[in-house]
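Protein chains get the first letters and strands the later ones, always in sequence-line order, with residue 1 at the start of each.
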Amino acid sequence: MKYYVLYVENTKSFFTYKSEEEYKPGEWCIVDFSGRKRSAVILRETEEDKIDFDIKKIKEIDSRADILSIPEDIIKLMDWMAVYYISDYYNVIKTVFPGILKLNYSQKAVFYKELENAEKYNSETIKDFNDYMKKKKVVTSATLIKKFGKDLVSYAQSKDAVKIEKHLVTKENKIKEIETDGIINETDIELNEEQKNTVEAIENGNNDYYLIKGITGSGKTEVYIRLIKNALKSGGGSIFLVPEISLTPQMMDRLKREFSNNVALLHSRLTTKERKEEWNAIKSGNKKVVIGARSAVFAPVQNLKYIILDEEHETTYKQESNPRYHTKNVAIKRANLLENVKVILGSATPSFDTYYQAKEGVIELLELKNRYNDAKKPVYDLVNLQNVNGNFSHELLEKISEKLLKNEQIILILNRKAFSTFIKCRDCGTVETCPNCSISLNYYRKENKLKCHYCGYEKYFKPVCGNCGSKNLIHLGTGTEKIELELGEIFKDARILRIDSENTKTQEQFEKMYNDFKNHKYDILLGTQIIAKGFHFPNVTLVSIINADIILNFPDFRAGEKTYQLLTQASGRSGREKKEGEVLIQTYDPDNDAIKKTISDNYEGYYENEMEIRKILKYPPYGRIINIVISSETETGLKEKAEKFYNMIKEKNSFIPKPFKAPIYRINNRYRYQIFIKSDRISINNIKHRIRSSLVNYREKDVRISVDVDPVNLL
DNA sequence: AGCACGCCGACT
DNA sequence: GTCGGCGTGCTC
């Protein structure tokens, strides 16, 4: 008798079952769970003496379930994630298999029907059928039905749909399959010398990890595509990860054209059914190229060769809910668990963590230094906002007029949506705050609403102070909506398009706006940082950052790095082809190192300066961080409850600062205390261990503890 | 997800 | 006393 640790659907922990049969990790079975049938995945085998509860309670596994098994490397990856990110397995599984794991009721019905059928058809008939399928490479369903009968064919199809799909094709599909077998687009774009060298360095290299540091417009995408194509020719699969899938329509079009039916697009808008179909197509090897956001890193690609992270510095690669994993770490871990998988990170402005690893030799650094099509570097200009009345400097207004006259296009970036970020009463000083969060409400003019960016609370705006009844209110904290209004008043004939996450909820909306601007239906594109990334608008010759300080003043040790990245990415939108581009940065802090180094295009210099500071302060990559938030709807006693947890995890050998009120003390009706742990790489593992066991033992009513390992967002 | 268990107030 | 409300914890 063998013992197995299983994950049973819809449970929060593991269960042990036994069986005479041999099971491998990732295989499915049906078990009796508190009196009803459930599907379960085998996680690992276990020994009798390791079981620390009444062994007599252990039930036997009912039967094997013929669902496509989960690859063993993904099981191992999930084990690692739960431990590294201090997460429960339930949430890990939910993240890796969103909706795939659960057998819904209709599927269960199919399964039990299968059991019935299995009795109806004796094993010899099924064996004949299987032999026939193996022998024939391509069969139409009509032939099969003629030979074996309709019932058996549909039974076989339902039972082992994917395995059979390979052989069983209808006439139309047969034609389609021949057409799309392999790569549809055989015409390769000519690569320049640098690109060719990069492709070769990766293909022939002995390293597992590569960083392509390529300036904007140097053609990183062409390098990725060539790698994926070449891998595909020898049957190798790839995972291509992008920060936000809906925001890169032109990239999607491009890849769809290149790889046609070989490509699976995984994104959050897929229904459970679609997701399952894609998953099965990938798992069975019908689709070898997967494109998607973070969670696509878990795709069960057959014969995986490459995991590519485009724009690797993007913070959306970090999941901000449990398990709080970073896609880059997971990709590297996954490559570790498999043979011959290479991870390729690409960015014009790599995160300093990644660049540090490249400098240390963990990741091989490859550089693309030339702009594709010989486009020129943009010219920078800096304006000190201290000498400016309002949001627009003379320099900016002059440049906008100039470009409008020349019929060229302009991009203006302000990293703040809404009209104003708070409204203050001039008489009593009251600022209207969110009833659920300790944060001011943002004003949206078009909708005449006040909204909270943290909990989603909203209400209609009344131009009267809630405290003293005064009508003397002032809007503070300028957002894109206000800029749009002011700009419209100054440039009455200019056609202005505003894009932010508030007015582009769907991909269709976004694509329409994108195309409209590209086709010059608008002169000025105004928006938050979502418009700073990866677009190609040939007619744009001026990009301006209206206020570079918004990110810079964030209480985050990476604020400078993020500012450098945003400014550089935004600059890349200016002067993409023959025309020379200009970039104008407005700031209250013109002497800031991040801004100065952006202007002199000195990534290396800024990196070196930042590293000195981080080394002294023991911030990543020199130290490691864990952020713990202890929250409750009840404020009374929360400080003590936070300290109780603190006392459980602290230890005399390592210094952990006491819990403190979080910078945003209340979010979504929950009061929050924070424990911020900064530690060296070795003792961090001991601390993690103590956090893990403390989480199990800590019992306080109404208190939630969330642990963020390697946080990206420190608030 | 279900279901038992048990702690409280309302009710014959 | 006991009926039932639902919060909590358990299911191998």
Side-chain angles (χ1 to χ4, degrees), chain A residues 1-65 67 69-70 75 78-79 82-83 86-112 271-273 275-276 321-323 630-638 641 644-645 648 668-671 692-706:
Chain A
M1 191 63 82
K2 285 187 155 77
Y3 293 89
Y4 296 99
V5 177
L6 310 189
Y7 172 77
V8 182
E9 63 160 313
N10 282 327
T11 58
K12 296 241 165 185
S13 60
F14 309 121
F15 294 93
T16 310
Y17 282 79
K18 59 185 177 181
S19 177
E20 296 283 1
E21 300 243 334
E22 177 84 37
Y23 284 94
K24 283 207 256 347
E27 284 189 300
W28 289 86
C29 59
I30 300 290
V31 296
D32 185 273
F33 185 76
S34 67
R36 68 201 73 218
K37 302 292 175 209
R38 293 228 193 151
S39 58
V41 199
I42 311 283
L43 295 177
R44 58 185 165 271
E45 207 186 317
T46 187
E47 265 94 65
E48 207 176 317
D49 53 348
K50 280 190 190 156
I51 296 161
D52 55 0
F53 59 91
D54 189 1
I55 203 151
K56 286 192 287 292
K57 279 188 181 168
I58 295 179
K59 294 186 197 167
E60 214 161 314
I61 294 170
D62 272 25
S63 60
R64 198 178 290 273
I67 306 167
S69 64
I70 299 167
I75 297 279
M78 293 197 295
D79 292 345
V83 174
I86 316 183
S87 173
D88 58 298
Y89 216 82
Y90 174 71
N91 275 305
V92 171
I93 283 208
K94 261 191 5 197
T95 302
V96 176
F97 305 100
I100 295 166
L101 206 67
K102 232 168 108 175
L103 283 180
N104 57 35
Y105 289 105
S106 63
Q107 279 174 301
K108 270 187 199 165
V110 169
F111 179 77
Y112 293 120
T271 63
T272 306
K273 191 168 168 257
R275 200 179 292 280
K276 261 182 212 176
S321 60
N322 194 0
I630 298 121
S631 70
S632 171
E633 286 192 22
T634 327
E635 187 180 13
T636 334
L638 181 58
K641 286 170 186 168
K644 185 181 162 189
F645 189 73
M648 289 167 85
N668 228 335
N669 259 323
R670 302 187 72 85
Y671 294 89
R692 220 172 284 125
S693 54
S694 303
L695 281 174
V696 178
N697 298 324
Y698 184 88
R699 298 265 117 217
E700 277 298 340
K701 245 178 80 184
D702 306 322
V703 174
R704 270 210 297 259
I705 298 182
S706 100

Asks: Does NZ or CZ of Lys644(A) lie under 6.0 Å from the centre of the six-membered ring of Tyr698(A), at an angle within 45° of the ring axis?
Replies: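 The answer is yes; both the distance and angle limits are met.
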Asks: Does the base of dA1(B) carry an N or O that pairs as donor and acceptor with the side chain of Arg38(A) under 3.5 Å?
Replies: yes
Asks: May I have the distance from Glu633(A) (atom CD) to dG7(C) (atom P), rounded to whole angstrom?
Replies: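 Rounded to whole Å, this separation is 13 Å.
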Asks: Touch check for Phe33(A), heavy atoms < 4.0 angstrom, all strands: base, sugar-phosphate only, or nothing?
Replies: base
Asks: With under 30° as parallel and over 60° as perpendicular, where do the rings of Tyr7(A) and Tyr89(A) fit, or are they tilted in between?
Replies: tilted
Asks: Rounded off to whole Å, could you give me the CZ-to-C1' distance for the Phe53(A) and dC12(C) pair?
Replies: 4 Å
Asks: Tell me: CG of Asp54(A) to P of dC12(C), nearest whole Å?
Replies: 11 Å
Asks: Using whole Å, report how far OH of Tyr7(A) lies from C1' of dA1(B).
Replies: 11 Å
Asks: To the nearest Å, how far apart are Ile93(A) CD1 and dA1(B) P?
Replies: 15 Å
Asks: Ignoring hydrogens, what is the shortest heavy-atom contact between Lys59(A) and Asp32(A)? Give both atom names and the distance.
Replies: NZ-OD1, 2.9 Å
Asks: Strictly below 4.0 Å, N to O, side chains only: are Glu47(A) and Lys50(A) in salt-bridge contact?
Replies: yes
Asks: Just how far, in rounded Å, is P of dC10(C) from NZ of Lys57(A)?
Replies: 10 Å
Asks: Calculate the interatomic distance between Lys59(A) atom NZ and dT11(C) atom P; express it in whole Å.
Replies: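 From Lys59(A) NZ to dT11(C) P: 10 Å.
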